[in-house]
K.L.:
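Have a look at the structure that comes next, please.
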Amino acid sequence: MRKIQVKIPSCPKSSYCIAVGAGSLPKILAQIRKSLPGKELFLITDANVVKAKHLKNLLGKEKLPLFIITPAGEKSKNIKTVIKIIEEMEKKALGRDCVVIALGGGTVGDIAGFVAAIYKRGVPVIQIPTTTVSQADSSVGGKTGVDSSVSKNAFGSFKNPAAVFIDVSTLKTLDKEQFNTGLVESIKHALIADEEYLKYLQKNLKVILARKAKPLEYIAVKNCRIKASVVEADPYEKNKRRVLNYGHTIGHAVESASNYKILHGQAVAIGIIAANIIEQKLGFGGKERLAGLKKLFGKLDISLKIPKTITKRQILDIISRDKKAVKKWPRFVLLEKTGKVLCKKGQFAHKTERKIVEETINILIKQKF
Ligand code: GLY
């Protein structure tokens, strides 16, 4: 098992360990019990995880008080689910000495993390991510929350996990679309931080898609190292952490305008292409990188088409309400070159002229890239 330590300097108690291994799931509970003797555990998972038998694999013959989120997915990521879970925890008479375990993808991790952040003013949470997106991104860094009827993650909190356990074997049960689109967060990490890693992903795509343990462990470790180094430097997204939003400004807008019919990873792939077009317009990044990314997304069978129902006006409207917007205009994370985020006057996210953004959206809609 490979171990990575995440140290949050402003909050020494928030230092935590990420353990990566293939086939580790059946051993994790014993490890948790050993490191937290006497703690009551409460497990939060969802219907998909149960169906994939990850819950059975984690628990073996043991029993834990638990809550199964149904239906699985974004539909349940709301405050009503949080209330139901918290009331269930109260009925079980769990005190501040309990520990929440999140077993599942990004939605489970976000909901369980948020529950842990607010239950009786906060209890620890352990993340056991089981999808490509959550293993690469959302289980590390402490962003938690649920959606309101108006926007994504409107209720939210930073809640660093007490530990993260990644068993890459759990990825075997994902369907192709979920597995492949989840790899976009790995491509994002490579683009913002490590050109060699991008080359590795391009060269080894076949074995990654075959879901072989070794390459999956390799990319899990790479992702966690990159993400850990960013969140250690800026845990609460004051500046540098924004680099993790590469491709997310237009990506989120497309995802939201599609009413979440487009998966997050596909939307971010479109957003990454958008960022590349903007970079070219500003004189950074040549045609080669964009062509390479188009090819890579093509091999992953990720469509870069924006659905016909989505208009330029809609995208502009959503980006103007972006969380990171200043005076109703978003800040874009851009690359100076692969592995190097553009940092002007110490800022990692930039105001980009409206004209350039509008032209970029036109290019995306017309698929002229
Ligand atoms: N997923 C972006 C972040 O954790 O900051």
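Note that ligands are numbered from 1 as they come in the structure, with each ligand's atoms numbered from 1 the same way. In this chain, residues are counted from 1 in sequence order. Quantities reported herein were computed from a predicted structural model and do not represent experimental measurements.
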K.L.:
My understanding is that we take every heavy atom of each candidate and find the minimum distance to atom 1 (N) of ligand 1. Doing that for Asp137, Val133, Val268, Leu244, which one comes out nearest?
P.N.:
Asp137
K.L.:
Does the structure place the NZ or CZ of Arg211 under 6.0 Å from the centre of the six-membered ring of Phe179, at an angle of no more than 45° from the ring's axis?
P.N.:
yes
K.L.:
For Glu74 and His264, which I'm curious about, is there any donor-acceptor pair between the side chains at under 3.5 Å?
P.N.:
no
K.L.:
Would a distance-only check, ignoring hydrogens and angles, find a side-chain to backbone donor-acceptor pair under 3.5 Å from Asp194 to Ala190?
P.N.:
no
K.L.:
Which bit of Lys227 is near ligand 1, meaning a heavy atom under 4.0 Å away: side chain, backbone, both or neither?
P.N.:
side chain
K.L.:
Does ligand 1 have any atom that is closer than 4.0 Å to a heavy atom of Glu237?
P.N.:
yes
K.L.:
For Glu359, give me all partners under salt bridge (charged side-chain N to carboxylate O under 4.0 Å, His left out), at least two apart in sequence or on another chain.
P.N.:
Lys281, Lys355
K.L.:
For ligand 1 and Lys143, I'd like to know whether there is a polar contact (N/O to N/O, distance under 3.5 Å).
P.N.:
yes
K.L.:
Could a heavy atom of Glu185 be found less than 4.0 Å from some atom of ligand 1?
P.N.:
no
K.L.:
Any donor-acceptor pair under 3.5 Å linking the side-chain atoms of Gln135 with those of Thr170?
P.N.:
yes
K.L.:
In terms of residue, atom name and distance, what is the protein heavy atom nearest to atom 5 (O) of ligand 1?
P.N.:
Arg241 NE, 2.8 Å
